[in-house]
Amino acid sequence: MADGESAYSVILFHTNSAALRAEKILLREGFAIKLIPVPRQLSSDCGIALRFDRSRETRVGEVLEAAGVPIDSIHVLE
Amino acid sequence: MIYLDHAATSWPKPPKVIAAMTDFLERIGGNPGRAGHRLSIEAGRIIYKTREALAELFNAGDPLRVVFTSNATHAINLALHGLLKPGDHVITSGIEHNAVMRPLRFLEQNGVRVSVVPCDGEGIPDPQNFARAVEKSTRLIVIKHACNVTGTMLPVAEISAVARRAGAFLLVDAAQSAGAVPVDMRMMGIDLLAFAGHKGLQGPPGTGGLVIGERVRAEDMTPLTRGGTGSRSESEYQPEDLPDKFESGTLNGAGIAGLGAGVDFVLERGIEAIHAHETALAKMLAEGLGNIPGVRLYGSNDWKRRSAVVSFTSEKYQTSEIGFRLDEEFGILCRVGLHCAPAAHRTIGSFPRGTIRFAPGPQTTAGEIAAAVAAVARILK
């Protein structure tokens, strides 16, 4: 990883259920992902977010859109 | 002991249901959606898995449209109070349970107009009469799928067609049919499905839910309760997202874990196989009881339109006395009386005395049915 580049992207969801649905779909598709507490700098929400390698961001977004999982926002984890 | 009261609640529960509940309490126990730690996430996964299994069983599509409630009554109240406003019109049938009739009569006192379509002697309403009852302001049609008194199944798809033409939603009370009879929301045109977790789905009491079909938007309904959802916590206003909008407060995690295992049991055994098994037993019951002098049976003879519930009365004794003797002398457990459904009993002509109801389950055997018939014959001799 070059200086100043982040390794991870994080997706926030409107509900915990949506995050869990996304986890299940992405694991089934073989993505390396992890559910983490929502980073405070991104939101004051008390829920969970999905973290994965930044290089997979486009593909993850496509898979979730195809499955109809509503997402709140995608962030780079600094 | 012979347990023939599965229409009230199924028992005994499959061992995997009890194991799933114990596992949830012993090993998991976190509050789903309220923290980011592993036990909270694991609890959330188990609850999500149950949503997924239910969405599959009911062909509902998106698992996030499965809203958990504490029972079918709660789910029906959520749908009725959530959808109907003063000035709206709602149509129902003449054999509904009090879980539907009591909230409807309350709403009627508060400006909602209620039409009741009568049923024939077998408890079946004519879909044409729903079409005749439609008004400009008709917002909802609400019917049960299978009758808890007679087992009669209503023509849901035909009544759904009436609702679609009227621009109204269809709410189906599947308390008796979920897990016992195939329920396909898309094929049957069901917009809102209320189910009990503790009957055919083999889950524990205190579980149930409302499945919100794709035609209904979250904005179309107001919640019964508002509060913490673990989501959008910065806002003091209720979120509009499903399922959170209708699921404030901590869910019954252990119960939902058990329900998930119950749904797995149903999916593994196969809903068609369960329905065929229970129908064969109910037919045996109806034939055996029908041969006893003085027994009157209720409901349709068309077993394609029946779930596995057999109601009967005797000229000789009160229903309560027969039920008591079945329990005391033979260890046979059933339910007697009005079954919380006075409208159904008025329709079939058994009001106010009610009926004796036998309801076999997936584990009931032919030998137990034969013993129950023999016991009734002894009592009525």
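Lettering of chains follows the sequences in order, A, B, ..., and the numbering in each one begins at 1. Remember, it's a predicted structure, so these values are computed and weren't measured experimentally.
- In the displayed structure, B:Glu219 atom CD is contacted under 6.0 Å by more than 12 heavy atoms of other residues, nucleotides or ligands.
- Of the atoms belonging to A:Ala19, not a single heavy atom falls under 4.5 Å from chain B.
- The CG atom of B:Asp244 sits 5.0 Å away from atom OG1 of A:Thr15, with the distance rounded to the nearest 0.5 Å.
- Rounding to the nearest 0.5 Å gives a distance of 10.5 Å between CD of B:Glu52 and CG of A:Leu20.
- Contacts of B:Arg38 with chain A are absent, with no heavy-atom separation under 4.5 Å from either backbone or side chain.
- B:Glu247 does not touch chain A: none of its heavy atoms, backbone or side chain, sits under 4.5 Å away.
- Rounding to the nearest 0.5 angstrom, the gap separating the OH atom in B:Tyr48 from the CZ atom in A:Arg21 is 5.0 Å.
- Closest approach of A:Ser17 and B:Arg51 over heavy atoms only: OG-NH2, 3.5 Å.
- With a 6.0 Å radius and a threshold of 12 heavy atoms from other residues, nucleotides or ligands, B:Lys49 has its NZ atom at or below the threshold.
- With chain B as the partner, the residue from A:Ile36, A:Leu12, A:Val69, A:Asn16 showing the most heavy-atom pairs under 4.5 Å is A:Asn16.
- How far CD1 of B:Ile41 is from NZ of A:Lys34: 7.0 Å, rounded to the nearest 0.5 Å.
- Counting non-hydrogen atoms of neighbouring residues, nucleotides and ligands closer than 6.0 angstrom, the CD atom of B:Glu214 exceeds 12 such neighbours.
- Residue B:Leu242 touches chain A through its backbone alone, counting heavy-atom pairs closer than 4.5 Å.
- Contacts of A:Leu35 with chain B are made by both backbone and side-chain atoms, with heavy-atom separations under 4.5 Å.
- Rounded to the nearest 0.5 angstrom, B:Ser231 OG and A:Asp72 CG are separated by 10.5 Å.
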